[in-house]
Amino acid sequence: MTVTQVSPSVADAVNSQSVVLGTMLILCLVLLLIFKEILTTASANMNLTRLSRALRLIVTPLALALLFTMAAQFIRAGVV
Amino acid sequence: MNLYAKTHNPTPITRRDLAFSPNLEPWLYVVVIAIAQFMYIESYVIGSAALCYGLLVWLLYRGCYHPSPTQGRLCLSLTVVPVVRIVSDAVLPMELPNVWYFVVADGILFISGITITRVCGYSLKNIGISIGKHFWIIPFIILSGWLVGWFESQITSRAPLINRLTFADVWFTAGVLIICTGFVEEFIFRGILLNSSVDALTQRWGILFSTVVWGLLTATWLSWEQVLVISCTGVLWGAIRHYCQSIIPLSLAHGLANFMLFVVFPNLHK
């Protein structure tokens, strides 16, 4: 009864696509960070500030997820 | 960091803002989540991930620009749903041993939950981190965790998290399951999401909404019977959360259910 655990067959599918998923994660994170920088520089509007701050909400877990994805790839490649 | 406290002069609601009916919009997100989950369990992992990223960005945008603060908070609270999928997909390939997977994945979700709480401006009492009231019901709540664990173990068979039931291993695993899966998931679903959905919808629909979202996220174990059991549990625990005004006993019950499911019953059935 936990939302993070998946069945073995789904886990296999995720593992086989981990490189693509990692790339998607990097792209999303980079786009969000660029977006955040653009918004931070143009924060005269209240709504833009709100969006800029809320982006932190997403960037933090995604950055951590990316860290673990990259660590997993390094472990698989035998670097670590 | 409360984004809504500074909205002194809200912009008037325009016709464009009402493109979605406020009560219908959250349910449309549930449909998108259901599609993403269906794709995921059918092993269309990339398509599901793309849908999750799209939903994440849309919810973020909608949460910030929604004319209604309560609906906006609900959208921001819902961002945790695609984050759950993204985080579990990121941590899975590491093949972490035993309970360490829960420590890492739920740890990231906890950080996400804290950020959402701050952005939405919720207090600890709002999200149920308080002593609460009606203490007489606490033993029954914890007992419900044992029952849920037993029901689930009858439906799905899982490999035990620990094979040697030593004192140290059992206590460590129990602690991790209560804190990481129990407390963090209750904090997110019965704390943040239930609170924002009750504010945005009504109490009854709010409990149902958060339950459906929670149930859909647990569908990844490929058992619809399990989803049904979890959905019934969600309705019960959602009602209890409102009655007790606290998620602490529910966290214990959730942790106990997982302890029974992952440790006790798999070892008994060996």
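These numbers were taken from a predicted model, which means no experiment stands behind them. Below, read A as the first sequence line, B as the second, and so on, with proteins coming before strands; counting in each chain starts at 1.
Taking chain A as the reference chain and counting heavy-atom pairs below 4.5 Å, the highest number among B:V84, B:T220, B:V229 is found for B:T220. Chain B forms more heavy-atom pairs under 4.5 Å with one residue of A:S18, A:A13, A:S16 than with any other, namely A:A13. Note on B:I114, B:T218, B:I46, B:I116: by heavy-atom pairs under 4.5 Å with chain A, the leading option is B:I46. Contact tally against chain A (heavy-atom pairs below 4.5 Å) for B:V87, B:L60, B:T233: the top residue is B:L60.
The shortest non-hydrogen separation linking B:A90 to A:A65 is CB-O, 3.3 Å. Across all their heavy atoms, B:E185 and A:T2 have their closest contact at OE2-OG1, 2.6 Å. Of all heavy-atom pairs spanning B:W214 and A:V3, the tightest one is CD1-CG1, 3.7 Å. The nearest pair of heavy atoms linking A:T4 to B:Y101 is O-OH, 2.5 Å. Heavy-atom minimum distance, A:V10 versus B:I41: CG2-CA, 4.1 Å.
Inter-residue side-chain proximity for A:V6 and B:Y40 is flagged as met; some heavy-atom pair is nearer than 4.5 Å.
For chain A, no part of B:E42 is nearby; none of its heavy atoms comes within less than 4.5 Å. At a 4.5 Å heavy-atom cutoff, the contact between A:L62 and chain B is made by side-chain atoms alone. Of the two parts of B:D89, the backbone and the side chain both hold a non-hydrogen atom closer than 4.5 Å to a non-hydrogen atom of chain A. When heavy atoms are compared at a cutoff of 4.5 Å, B:L216 does not approach chain A at all. With a 4.5 Å cut-off on non-hydrogen atoms, B:V148 touches chain A through its side chain but not through its backbone. Heavy atoms of B:V104 lying under 4.5 Å from chain A belong exclusively to its side chain. For a residue to count as touching a neighbouring chain, one of its non-hydrogen atoms must lie under 4.5 Å from one of that chain's; by this rule B:A50 touches chain A with backbone and side chain alike.
Rounding to the nearest 0.5 Å places CD of A:Q5 at 9.0 Å from CG of B:L92. The CD1 atom of B:I86 sits 11.5 Å away from the CG atom of A:L66 when rounded to the nearest 0.5 Å. In this structure, B:C52 SG and A:M24 CE are separated by 9.0 Å, a value rounded to the nearest 0.5 Å.
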Would A:V14 and B:R85 count as a side-chain contact (heavy atoms from CB on, under 4.5 Å) if you check the C-alpha gap in whole Å, the side-chain angles of each, and the deciding distance to 0.1 Å?
-> CA-CA 11 Å; A:V14 172; B:R85 226 15 349 109; over 6 Å; no
